[in-house]
J.: 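First, the structure itself, so that you have it in front of you.
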Amino acid sequence: MMRIWFALFVLAFSYSGNAQKEIRVEEARDNIGDTVKICTKIFDTKFDEHSKGSPTYLYTSSHDPNATLAFVVWGEKRKYFDYKLEKDLKEREICVIGKIELLKNR
């Protein structure tokens, strides 16, 4: 199963004025390279502060390295949030706007 990562540029709980293509999690693999909006539940999270780039992973299924889709918030972007992503977004419905990219060819 191919794993898709969503490079997170904007985490939005409301829809902005710029029209974005809205897709479902299952459609991510068909939209690699596109900037899209995805609304889904975050089932699990992980802040990997000791890895290169200090990523925070927001998983759309159980905490599984083979998850179909995960949102990634790089460490330098965490300063834009006044809460702990890995704690406060777990088990929440969110909408994300960003570019879908493969990470490590997955």
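None of the values given here were measured: they were computed from a predicted structure. Below, all heavy atoms of this structure are taken into account, side chains as well, without hydrogens, waters or symmetry copies.
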J.: Run the side chain to side chain contact (heavy atoms under 4.5 Å, CB included) test on Cys39 and Glu93 for me, step by step, so that the C-alpha distance in whole Å, both residues' side-chain angles and the decisive distance to 0.1 Å come before the verdict.
T.: CA-CA 7 Å; Cys39 295; Glu93 292 280 337; 5.8 Å; no
J.: For Tyr59, run the side-chain contact (heavy atoms from CB on, under 4.5 Å) check against Ile42, Asp44, Leu69 and tell me which one passes.
T.: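 Going through the options one by one, the only one that passes is Asp44.
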J.: From Arg24 CZ over to Asn31 CG, what is the distance, rounded to the nearest 0.5 angstrom?
T.: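 If we round to the nearest 0.5 Å, Arg24:CZ and Asn31:CG are 11.0 Å apart.
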J.: Does any part of the side chain of Thr45, heavy atoms only, come nearer than 4.5 Å to the side chain of Tyr57, both counted from C-beta?
T.: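 With C-beta onward as the side chain, the pair stays apart.
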J.: Testing the basics here: between Thr60 and Phe43, what is the closest heavy-atom pair and its distance to 0.1 Å?
T.: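 Closest pair (atom of Thr60, atom of Phe43, distance): O-CD1, 3.1 Å.
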J.: With Asp88, which residues qualify under side chain to side chain donor-acceptor pair (under 3.5 Å), at least two apart?
T.: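 Side chain to side chain donor-acceptor pair (under 3.5 Å) list for Asp88, sorted by chain: empty.
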J.: Mind checking side-chain contact (heavy atoms from CB on, under 4.5 Å) for Thr35 and listing every partner two or more places apart, or none if nothing turns up?
T.: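 Testing Thr35 for side-chain contact (heavy atoms from CB on, under 4.5 Å), a comparison that skips the adjacent residues, returns Gln20, Ile97, Lys99.
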J.: Nearest 0.5 Å, please: how far is CD1 in Ile38 from CD1 in Ile94?
T.: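 Nearest 0.5 Å value for the CD1-CD1 distance: 9.5 Å.
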J.: Side-chain contact, heavy-atom cut-off 4.5 Å: Val73 with Tyr80?
T.: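 Side chain of Val73 against side chain of Tyr80, heavy atoms only: no contact under 4.5 Å found.
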J.: Nearest 0.5 Å please: distance from the NZ atom of Lys41 over to the CD atom of Glu91.
T.: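 If I round to the nearest 0.5 Å, the distance is 4.5 Å.
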J.: Could I get the full list of side-chain contact (heavy atoms from CB on, under 4.5 Å) partners for Glu49, not counting sequence neighbours?
T.: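 Per chain and number, Glu49 pairs via side-chain contact (heavy atoms from CB on, under 4.5 Å) with Phe47.
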J.: Please determine which of Ile100, Asp34, Asp30 meets the side-chain contact (heavy atoms from CB on, under 4.5 Å) test together with Ile23.
T.: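 It is Ile100; the other options fail the test.
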J.: Consider side chain to side chain donor-acceptor pair (under 3.5 Å). Of Arg78, Lys84, Glu86, which one does Thr56 pass it with?
T.: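 The option that passes is Arg78.
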